[in-house]
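Structure first, commentary second.
Remember, it's a predicted structure, so these values are computed and weren't measured experimentally. The chains referred to below are lettered A, B, ... by the order of the sequence lines, with proteins before strands, and numbering in each begins at 1.
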Amino acid sequence: MIRVYNTMSGEKEDFIPLVSKKVGMYVCGITAYDVCHLGHARSAIVFDIIKRYLRNRGFTVTHVRNITDIDDKIIARANKEGVSTEEIAKKYTEEYYRDMERLGVSRADIEPNATDHIKEMIETVQGLIDKGYAYNIEGDIYFEISKFPDYGKLSNRNMEGLMAGARVDVDARKRSPLDFALWKSSKEGEPWWESPWGKGRPGWHIECTAMSNKYLGESFDIHGGGADLIFPHHENELAQSEAYSGKTFVKYWIHNGFITVDKEKMSKSLGNFFTIKEILDRYDPEVVRCFLLSTHYRNPIEFSDKQLNEAEVSIDRYYSTVLRVGDFLETAGGKEKAEGLEEFENTLSLFTGKFRGAMDDDFNSALALGHIFELLKELNRFLDSKPSGSKAKEIVTKAQGLLAEAGSVLNIFQRKPEEWYRSLIKVKKISLTEEGLLKKISERQDLRSKKDWASADRVRNELQSEGIILEDKQDGTRWKVQVG
RNA sequence: GGCGACGUACCCAAGUGGCUAAGGGGGAGGUCUGCAAAACCUUUAUGCAGCGGUUCGAAUCCGCUCGUCGCCUCCA
């Protein structure tokens with residue numbers, strides 16, 4: 001049984017979708033007004049892994065991820081740059097998809113834009129007016145939260161507390177300062193759509209109500225996003241959705257924690273952010289994923305190069321082991337010898353259960369990674385015992401398969417070691433070519449065969465200063481990229 | 001001011017009532033090696049911010065104190 005922490009109840013609950021084995025999942029994407037930073041990456045990766053795991057466990061998942069392409073910030077940016085809001089939205093949407101692709105985040109099944117759903121939003125707003133939940137003031141439509149007694153149930157707030165916060169905007173025309181806009185009349189020079197209330201544009205929250213309703217229905221299983229969306233975005237979305245449909249909007253609310261820098265939330269406004277592009281210029285995408293998954297998704301993660309480097313070492317451990325396994329399968333003799341075979345077989349038989357146990361418990365990828373590294377160690381230990389024969393080959397192959405399968409859920413360990421090292425050469429900006437490298441290695445091999453250790457060591461040291469590590473094996477020398 | 005989260009070794013990080021407190025990094029010692037590297041082995045928290053309490057039993061539940069952070073305005 002999968003257990004998920006539900007923001008609504010504040011507890012872990014058994015995960016039972018509304019329709020057996022089918023999951024509807026809506027995750028808030030981005031507002032396309034600027035490039036994405038690592039915080040956006042975390043949210044995207046977390047929900048990508050949740051989706052992959054649910055599919056791995058046999059659920060059919062319909063994943064919807066929206067793009068907000070009309071909004072105050074986009075308008076501001078367009079005005080600043082003297083271009084249309086469409087151009088701004090298009091540019092940053094493209095950047096977003098490029099970043100996500102490089103990060104290895106899979107595409108959602110449905111990726112709706114707000115501006116393609118104006119009609120649905122108008123219908124939703126009209127429905128809310130008809131039901132008495134919304135009112136019109138000079139073309140601005142507001143949701144009246146006093147008509148929705150459950151308001152605040154997601155973020156655990158009440159009206160008094162919110163009023164006391166004194167940070168809500170004061171618009172004398174609104175019946176309550178807490179009422180929020182469903183539809184905004186357009187000011188001079190702003191983009192607009194025709195509506196029953198005049199020219200205007202949608203409010204921030206209404207797109208998610210209209211689009212989730214269209215693609216997943218009035219009630220669905222998972223709604224996700226960063227923890228900063230809980231209030232006001234998801235609270236407002238929930239209010240309008242349930243007021244409109246009269247049904248429970250979402251069964252499980254899932255929110256990921258923040259990335260911090262010096263303990264403070266990484267954010268645009270604080271300016272303490274690293275863009276995805278900047279990070280991918282210095283680290284392999286798999287390293288970024290491993291780094292982000294090594295902490296439980298609800299906890300904050302402190303950004304640090306040290307931690308990213310450690311993640312790099314971890315990934316390298318896997319690919320180094322794959323190389324070892326390759327050597328073993330090629331060179332191991334036919335004589336049946338396998339010390340500790342039974343013990344190793346036993347370890348393997350327990351692995352999948354442990355991995356699932358971790359992921360079942362609110363998608364605990366950090367614990368799952370722990371089990372993966374444990375198995376990696378056991379595999380290396382078995383190889384250290386110098387086994388040989390078909391039985392040993394079989395079990396080593398099986399072990400590697402288990403690691404790759406678990407890795408596929410976390411979207412790590414899916415490449416060949418050569419691809420990993422090529423990527424590292426790029427990311428670490430090593431100027432040597434593979435050809436030049438092989439030439440040096442062969443020269444050094446001659447020196448070694450002449451037992452000219454001093455010269456051979458000099459070559460090795462030269463390469464090391466360029467970030468290349470040489471490993472002498474019985475049948476030759478292997479190069480790797482220095483990690484960490 | 002209101003609401004909430006967190007504080008586990010040198011660093012990162014799982015664990016939320018019961019075997020010896022996962023895993024990774026780093027340190028120390030060792031095996032292997034021409035020397036290295038990699039890998040493996042041993043070691044590195046009688047203790048989980050502090051103080052009380054509940055319990056046969058608590059890092060884990062409850063209370064208080066200290067510290068850090070988040071949301072209450074756009075925010076992944």
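Two residues, A:Asn380 and A:Lys12, neighbour RNA chain B, and the one matched to the more 5' nucleotide by heavy-atom proximity is A:Lys12. Residue order along RNA chain B, read from the 5' end via each residue's closest nucleotide, puts A:Glu302 first among A:Glu302 and A:His40.
Whole-Å rounding puts the A:Phe351 CZ to B:rG23 C1' distance at 12 Å. Per the geometry, CD belonging to A:Glu378 stands 15 Å off P belonging to B:rA22, to the nearest Å. One can place CZ of A:Phe382 at 14 Å from C1' of B:rC40, the figure rounded to the nearest angstrom. Rounded to whole angstrom, the span from the CD1 atom of A:Ile441 across to the P atom of B:rA36 amounts to 20 Å. Distance, A:Glu11 CD to B:rC61 P: 12 Å, rounded to whole Å. Distance A:Glu471 CD to B:rC40 P: 12 Å, rounded to the nearest Å. As a whole-Å value, the separation of A:Asp457 CG from B:rA37 C1' is 12 Å. Here B:rG15 presents its P atom at 13 Å from CE of A:Met359, a figure rounded to the nearest Å.
Under the rule for a side chain to side chain contact (heavy atoms under 4.5 Å, CB included), the partners of A:Lys306 that lie at least two apart in sequence or sit in another chain are A:Ser304, A:Glu310. In this view, A:Arg42 satisfies the salt bridge (charged side-chain N to carboxylate O under 4.0 Å, His left out) rule with no residue, not counting sequence neighbours. For A:Asp72, the salt bridge (charged side-chain N to carboxylate O under 4.0 Å, His left out) test picks out A:Lys184, A:Arg201, with sequence neighbours left out. Contacts of A:Tyr297 classified as ring pair (Phe, Tyr, Trp, His ring centres under 6.0 Å), with partners at least two apart in sequence or in another chain: none. For the side chain to side chain donor-acceptor pair (under 3.5 Å) test, no residue two or more places apart in sequence or in another chain qualifies with A:His37. In terms of the salt bridge (charged side-chain N to carboxylate O under 4.0 Å, His left out) criterion, residue partners of A:Glu94 (sequence neighbours excluded) are, by chain and number, A:Lys90. For A:His205, the ring pair (Phe, Tyr, Trp, His ring centres under 6.0 Å) partners two or more places apart in sequence, or in a different chain, are A:Phe180, A:His233. Every residue was checked against the salt bridge (charged side-chain N to carboxylate O under 4.0 Å, His left out) condition with A:Glu278, not counting sequence neighbours, and none meets it.
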Dot-bracket encoding per residue of RNA chain B, Watson-Crick/G-U cut-off under 3.5 Å, | denoting interstrand: ((((((((.[[[..)..(....]]]((((((.......))))))....[[[[[..)....]]]]])))))))....
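Counting non-hydrogen atoms under 4.0 angstrom, A:Ile469 reaches the backbone sugars and phosphates but no base. Heavy atoms of A:Ile259 sit under 4.0 angstrom from at least one base atom. In this structure, A:Asp472 reaches the bases: a heavy-atom distance under 4.0 Å links it to at least one base atom across the strands shown. Across all strands shown, A:Arg458 has no heavy atoms under 4.0 Å from either base or sugar-phosphate atoms. Residue A:Gly10 is out of contact with every strand shown, counting any heavy-atom pair closer than 4.0 Å. Among the heavy atoms of the strands lying under 4.0 Å from A:His296 are primed sugar atoms or P, OP1, OP2 only; no base atom is included. Residue contacts for A:Asp72: at a heavy-atom cut-off of 4.0 Å it reaches no nucleic acid atom on any strand shown. In this structure, A:Arg381 reaches the sugar-phosphate backbone alone: every heavy-atom distance under 4.0 Å involves primed, P, OP1 or OP2 atoms, never a base. Within 4.0 Å (heavy atoms only), A:Arg324 reaches sugar-phosphate atoms of the nucleic acid but no base atom.
Nucleotides B:rU68 and B:rA59 are separated by 26 Å at their P atoms, to the nearest Å. Nucleotides B:rU20 and B:rG34 are separated by 44 Å at their P atoms, to the nearest Å. A distance of about 38 Å separates the C1' atoms of B:rA49 and B:rA39, rounded to the whole Å. The C1' atoms of B:rG27 and B:rC19 are separated by 30 Å, rounded to the nearest whole Å. B:rU33 and B:rG24 have their P atoms separated by 25 Å, given to the nearest Å. Only the P atoms considered, B:rA37 is 27 Å distant from B:rC12, to the nearest whole Å. Across the P atoms, B:rG1 and B:rU54 are found 32 Å apart, a figure rounded to whole Å. For the P atoms, the distance from B:rU44 to B:rG57 is 29 Å, rounded to whole Å.
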Would you sort out whether A:Ser9 and A:Glu13 count as a side-chain hydrogen bond (donor to acceptor under 3.5 Å, both in side chains), showing the intermediate values? CA-CA 9 Å; A:Ser9 63; A:Glu13 301 175 9; 2.5 Å; yes
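The side chain of A:Asn256 sits closest to B:rA76 out of B:rA37, B:rA76, B:rG34. Side-chain proximity of A:Glu264 to B:rC72, B:rA39, B:rG70: nearest is B:rG70.
Using modelled atom types and a 3.5 Å distance limit, the side chains of A:Asp140 and A:Trp183 yield no donor-acceptor pair. In the model, A:His296 has a side-chain atom that pairs as donor or acceptor with a side-chain atom of A:Asp362 under 3.5 Å. Under 3.5 Å, the side chains of A:Glu235 and A:Ser155 contain a donor-acceptor pair of N or O atoms. Checking A:Tyr97 against A:Glu111 by side-chain atom types alone, a donor-acceptor pair falls below 3.5 Å.
A salt bridge links A:Asp34 with A:Arg77: the distance from a Lys NZ or Arg NE/NH1/NH2 to an Asp or Glu carboxylate oxygen falls below 4.0 Å.
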Scoring nucleotides 24-32 of chain B by protein non-hydrogen atoms under 4.0 Å (B base, S sugar-phosphate only, - none) yields BS-------
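Contact between the side-chain N/O atoms of A:Lys265 and the OP1/OP2 oxygens of B:rA76 is not found at any separation under 4.0 Å. Contact between the side-chain N/O atoms of A:Asn364 and the OP1/OP2 oxygens of B:rG15 is found at a separation under 4.0 Å. Considering only side-chain N and O atoms, A:Asn156 lies nowhere under 4.0 angstrom from the phosphate OP1 or OP2 of B:rC3. Residue A:Asn309 places no side-chain N or O under 4.0 Å from the OP1 or OP2 atom of B:rC12.
For residues 339-387 of chain A, the ring-ring contact (aromatic ring centres under 6.0 Å, His included) pairs, not counting sequence neighbours, are A:Phe344-A:Phe382.
For A:Lys263 against B:rC69, no side-chain N or O and base N or O form a donor-acceptor pair under 3.5 Å.
An aromatic stacking contact links A:Trp453 with the base of B:rG34, defined here by ring centres under 5.5 Å apart and ring planes under 30° from parallel.
Contacts between residues 221-237 of chain A and RNA chain B, defined by a heavy-atom separation under 4.0 Å, are made by A:Gly225, A:Gly226, A:Asp228, A:Leu229, A:Phe231.
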